[in-house]
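If you're wondering where the values come from, they're calculated on a predicted model, not measured in any experiment.
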Amino acid sequence: MKKSLAILTGFLMVLMLTACNETAKPVNESAAGTENEEAKKEEASEMTLEEVLKKSTEASEELKSFSVKMDMSQEMSSGAEGENMNIDSVIDMNVTTEPMAFYQKMTMSMAEESYDIESYFTEEGMFLYEAAKQQWMKFPKEMSDDLLQMSSQQTNPGEELKKLQEFVDDFTFEQDAKSYILKLKADGEKFNDFVKETAAETLPPELAANGEMLDNMNIKGVEYEIVIDKETFYPSVLNMIMDMEITAEGQTISMKQNMNGQYSNYNKVEAIAVPQEVLDTAVEMEM
């Protein structure tokens with residue numbers, strides 16, 4: 001189950017969404033006076049969705065670094081055992097693309113417990129602070145290399161955009177004074193094959209060869225809202241709601257996930273390095 005969730009998280013990082021030839025509809029934010037309405041008309045862009053996505057793709061391909069703050073809630077239930085679990089997470093992350101690296105702080109709450117997790121991911125490996133033991137742990141090199149390969153492939157969304165042409169009729173395309181707003185609501189049947197194809201291409205070869213993990217994933221419904229800045233063409237907001245099922249060892253787990261992400265500090269994040277103290281004290285994790 002954890003591997004399947006990791007695939008979906010990676011999938012979100014490359015999803016900047018499709019193209020069409022309609023211009024964005026202005027959002028009626030308020031019933032302000034005629035003067036404000038005229039100002040909005042002057043600010044309204046005549047760019048088509050295809051043009052916006054082309055520029056956003058080009059901007060993303062040149063991206064060197066960014067920060068993201070993500071609030072995520074997950075509701076999981078198992079019909080067989082009647083078990084329910086709710087997990088709320090707040091994630092703050094700095095990311096660089098050349099070389100691929102990130103530093104992350106996450107607070108995860110479930111039941112009456114709360115966990116603070118700190119991690120580094122660089123070419124030197126992946127390190128995670130285990131608060132309960134007050135100990136830095138280092139992932140095995142093979143797993144770190146696989147994760148590095150996966151993350152490197154996920155940083156360029158350009159090729160993925162081409163595959164999303166088939167969903168063009170499912171989008172709404174709006175704008176306000178500062179942003180383009182893309183929304184998509186699709187049923188799971190339409191998205192299942194695309195999710196699996198994307199995940200298979202993103203996974204390391206030895207994991208992609210095991211199709212059972214992907215076959216047991218069923219996306220029942222998905223909604224996206226993506227906000228793209230008019231000036232930079234970088235995404236500023238990515239919101240997602242997903243309803244899915246994962247079957248493992250004869251047990252089906254239903255999961256509803258609601259994610260709200262805000263992106264900032266484009267090309268302003270400094271190089272990320274694992275502190276020497278972490279390198280000196282980390283204990284290799286047994287998998």
Side-chain angles (χ1 to χ4, degrees), residues 1-13 65-96 101-122 124-140 143-144 147 150-151 154 217 222-225 236-246 248-249 251-265 269 272-287:
M1 179 173 175
K2 291 182 179 178
K3 291 181 180 179
S4 297
L5 296 180
I7 295 169
L8 290 175
T9 302
F11 169 64
L12 294 176
M13 298 295 289
S65 66
F66 61 92
S67 299
V68 58
K69 181 172 183 178
M70 192 174 298
D71 294 321
M72 187 178 345
S73 63
Q74 296 170 314
E75 299 177 10
M76 288 177 281
S77 62
S78 170
E81 299 180 6
E83 295 182 353
N84 297 316
M85 180 182 295
N86 295 333
I87 303 175
D88 295 315
S89 304
V90 177
I91 303 168
D92 284 292
M93 183 185 297
N94 288 332
V95 181
T96 62
F102 69 72
Y103 169 69
Q104 173 181 285
K105 281 188 173 182
M106 178 171 68
T107 299
M108 184 170 62
S109 303
M110 54 182 162
E112 297 180 358
E113 300 288 337
S114 180
Y115 305 89
D116 292 323
I117 303 169
E118 185 177 4
S119 57
Y120 287 91
F121 178 31
T122 73
E124 294 179 290
M126 185 167 183
F127 300 81
L128 184 145
Y129 185 69
E130 193 168 319
K133 297 182 179 180
Q134 296 185 339
Q135 176 68 58
W136 280 97
M137 309 295 293
K138 182 178 181 180
F139 279 59
M143 178 175 290
S144 296
L147 289 170
M150 184 183 352
S151 299
Q154 291 167 0
M217 183 191 307
V222 62
E223 297 180 36
Y224 291 96
E225 179 182 32
S236 58
V237 173
L238 170 58
N239 298 327
M240 182 214 70
I241 300 173
M242 182 175 288
D243 187 358
M244 63 179 290
E245 291 181 345
I246 300 173
E249 299 179 355
Q251 181 179 1
T252 298
I253 299 172
S254 298
M255 186 183 79
K256 292 183 179 179
Q257 179 171 291
N258 191 330
M259 185 194 75
N260 300 295
Q262 297 184 348
Y263 295 79
S264 61
N265 292 332
V269 177
I272 296 171
V274 182
Q276 189 61 46
E277 180 183 359
V278 176
L279 294 173
D280 291 341
T281 61
V283 176
E284 184 153 326
M285 186 183 300
E286 295 182 5
M287 303 302 293

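Across Ser67 and Asn94, no two heavy atoms sit closer than the pair OG-OD1, 2.6 Å. When every heavy atom of Gln134 is checked against every heavy atom of Tyr129, the shortest pair comes out as CA-OH, 3.2 Å. Scanning both residues, Met137 and Ala282, for their nearest heavy atoms gives C-CB, 4.5 Å. Closest non-hydrogen pair, Val269 versus Ser65, comes out as N-OG, 3.1 Å. The heavy-atom pair separating Ala101 from Ile272 by the smallest distance is O-CD1, 3.8 Å.
Between Phe121 and Phe102, the ring planes are perpendicular. Angles over 60° get that label, and only those under 30° would be called parallel.
A donor-acceptor contact closer than 3.5 angstrom is absent between the side chains of Asn258 and Ser73. Inspection of the Gln135 and Glu130 side chains reveals no N or O donor paired with an N or O acceptor under 3.5 Å.
Evaluated for a ring pair (Phe, Tyr, Trp, His ring centres under 6.0 Å) with Tyr120, the options Phe127, Phe139, Trp136 yield exactly one hit, Trp136. Each of Ile241, Ile91, Leu238 was evaluated against Met259; a single residue qualifies, Leu238, per the side-chain contact (heavy atoms from CB on, under 4.5 Å) test.
Leu279 contributes atom CG, which lies 7.5 Å from atom OG1 of Thr122 (distance to the nearest 0.5 angstrom). Atom OH of Tyr115 is separated from atom CD1 of Ile87 by 10.0 Å, given to the nearest 0.5 angstrom. Considering OG1 of Thr281 and NZ of Lys138, their distance stands at 11.5 Å, rounded to 0.5 Å. The CD1 atom of Ile246 lies 10.0 Å from the OG atom of Ser254; values are rounded to the nearest 0.5 Å. How far CD of Gln74 is from CE of Met110: 10.0 Å, rounded to the nearest 0.5 Å.
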### Task
Go through the steps for Met106 and Asp116 under the test side-chain contact (heavy atoms from CB on, under 4.5 Å), then give the verdict.
CA-CA 6 Å; Met106 178 171 68; Asp116 292 323; over 6 Å; no
### Task
Given side-chain contact (heavy atoms from CB on, under 4.5 Å), test Met72 with Gln257 step by step and report yes or no.
CA-CA 7 Å; Met72 187 178 345; Gln257 179 171 291; 3.7 Å; yes
### Message
One pair to check against side-chain contact (heavy atoms from CB on, under 4.5 Å): Met108 and Ile117. What are the steps and the verdict?
### Response
CA-CA 8 Å; Met108 184 170 62; Ile117 303 169; 4.2 Å; yes
### Task
Evaluate side-chain contact (heavy atoms from CB on, under 4.5 Å) for Phe66 paired with Met93, printing each intermediate quantity in order.
CA-CA 9 Å; Phe66 61 92; Met93 183 185 297; 6.0 Å; no
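Crowding of Glu245 atom CD: a count of heavy atoms from other residues, nucleotides or ligands under 6.0 Å exceeding 12.
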